[in-house]
Amino acid sequence: QVQLVESGGGLVQAGGSLRLSCAASGFAFGNWAMGWFRQAPGKEREFVAAINWSGRSTTYADSVKGRFAISRDNASRSVYLYMNSLKPEDTAVYYCAAAGQISTMTHEYAYWGQGTQVTVSS
């Protein structure tokens, strides 16, 4: 059974940092690209960051470039999102997802986690 379980969300003040983690099981994690998406209330789910199977290639949404960093550890079947200089507009539920290849497109991702809430106060 495929599972993606996010953790690390919470409440943080603007300018603060958080690290999100996503633990994967039930599929060949090392062969899949991984991505982070987010969805704010009343808005569509949007791409945040993605990393290819080896970790050598990453891509970011313009809105988080320079502030967020994605990484993965294939040995522990985990992917991480380091979020710095957080802004109130970063408030959303954050989801990790798995795709056959690195992509910014929601429909390319086959597996999804349940999400973790990140709230940034001003």
Side-chain angles (χ1 to χ4, degrees):
Q1 180 183 357
V2 172
Q3 278 196 311
L4 293 171
V5 180
E6 301 94 338
S7 61
L11 174 64
V12 63
Q13 287 190 330
S17 300
L18 280 176
R19 187 190 80 161
L20 304 184
S21 301
C22 175
S25 61
F27 66 103
F29 178 80
N31 293 342
W32 289 69
M34 298 297 296
W36 286 96
F37 290 77
R38 66 187 182 186
Q39 188 166 19
K43 295 188 176 181
E44 292 190 355
R45 193 169 297 189
E46 65 174 5
F47 169 75
V48 175
I51 188 167
N52 77 330
W53 67 272
S54 69
R56 293 193 187 98
S57 179
T58 58
T59 186
Y60 296 91
D62 286 345
S63 59
V64 307
K65 207 170 289 184
R67 300 188 298 122
F68 289 12
I70 188 171
S71 67
R72 67 186 296 160
D73 181 348
N74 286 346
S76 64
R77 303 173 61 86
S78 297
V79 62
Y80 306 98
L81 185 68
Y82 298 85
M83 305 186 295
N84 299 308
S85 302
L86 283 160
K87 304 175 182 180
E89 51 262 44
D90 294 318
T91 295
V93 177
Y94 283 71
Y95 300 89
C96 74
Q101 59 186 12
I102 190 170
S103 174
T104 65
M105 307 301 291
T106 306
H107 69 266
E108 297 279 354
Y109 287 77
Y111 305 134
W112 291 83
Q114 293 300 304
T116 186
Q117 176 71 46
V118 171
T119 303
V120 184
S121 64
S122 57

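Predicted, not measured: the structure shown is a model, and the values here were computed from it.
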Review point. Can you check whether Ser121's main-chain N or O pairs, donor with acceptor, with Gln13's side chain at less than 3.5 Å?
Key: no

**Study point:** Phe37 and its ring pair (Phe, Tyr, Trp, His ring centres under 6.0 Å) partner, picked from Tyr109, Tyr95, Tyr94
**Key:** Tyr109

Check your understanding: Mind checking whether Val2 and Trp112 have side chains closer than 4.5 Å, heavy atoms only?
Key -> no

Review point. How far apart are the closest heavy atoms of Ala69 and Tyr60, and which atoms are they?
Key: CA-OH, 3.3 Å

Study note, to complete from the structure: When rounded to the nearest 0.5 Å, the distance separating CZ of Arg77 from CD of Gln3 is 11.0 Å

**Study point:** Under 3.5 Å donor-acceptor, Glu6 side chain and Cys96 backbone
**Key:** yes

Practice item. Return the minimal non-hydrogen interatomic distance between Leu4 and Ala98, and the atom names on each side. Key: CD1-N, 4.0 Å

Check your understanding: In terms of hydrophobic clusters joined by side-chain contacts under 4.5 Å, are Val64 and Ile51 together?
Key -> yes

Review point. To the nearest 0.5 Å, how far apart are CZ in Arg45 and CZ in Arg38?
Key: 13.0 Å

Check your understanding: Would you call Asp62 and Lys65 a salt bridge, using N to O less than 4.0 angstrom?
Key -> yes

**Study point:** Steps toward side chain to side chain contact (heavy atoms under 4.5 Å, CB included) verdict (Leu11, Gln117)
**Key:** CA-CA 8 Å; Leu11 174 64; Gln117 176 71 46; over 6 Å; no

Review point. If you look at every heavy atom in Lys87 and Val120, which pair is closest and at what distance?
Key: O-CB, 3.2 Å

Study note, to complete from the structure: Heavy-atom closest pair (Asp73 atom, Tyr80 atom, distance to 0.1 Å) is CB-CE1, 4.3 Å

Review point. Which heavy atom of Ala50 sits nearest a heavy atom of Ser103, and at what distance?
Key: CB-O, 3.7 Å

Review point. With a 4.5 Å heavy-atom cut-off, do Val118 and Asp90 have their side chains touching?
Key: no

**Study point:** Closest heavy-atom pair and its distance - Ala92, Ala40
**Key:** CB-N, 3.8 Å

Review point. If you count the non-hydrogen atoms of other residues, nucleotides and ligands that lie under 6.0 Å from CD in Gln101, is the total more than 12?
Key: no

Exercise for review: Give, for atom CD1 of Ile102 and atom CD of Glu108, the distance between the pair rounded to the nearest 0.5 Å.
Suggested key: 11.5 Å

Practice item. Spell out, as yes or no, whether a donor-acceptor pair under 3.5 Å connects the side chain of Asn52 to the backbone of Gly55. Key: yes

Do any side-chain atoms of residues 17-35 form donor-acceptor pairs under 3.5 angstrom with protein atoms, and if so which ones, sequence neighbours left out?
unit_1 : atom_1 : unit_2 : atom_2 : d
Ser17  : OG     : Asn84  : OD1    : 2.9

Exercise for review: Please check if atom CD in Glu46 has more than 12 non-hydrogen atoms from other residues, nucleotides or ligands closer than 6.0 Å.
Suggested key: yes

Practice item. Start with the C-alpha gap between Met83 and Trp36, add the side-chain angles, then the distance that decides, and say whether side chain to side chain contact (heavy atoms under 4.5 Å, CB included) holds. Key: CA-CA 12 Å; Met83 305 186 295; Trp36 286 96; over 6 Å; no

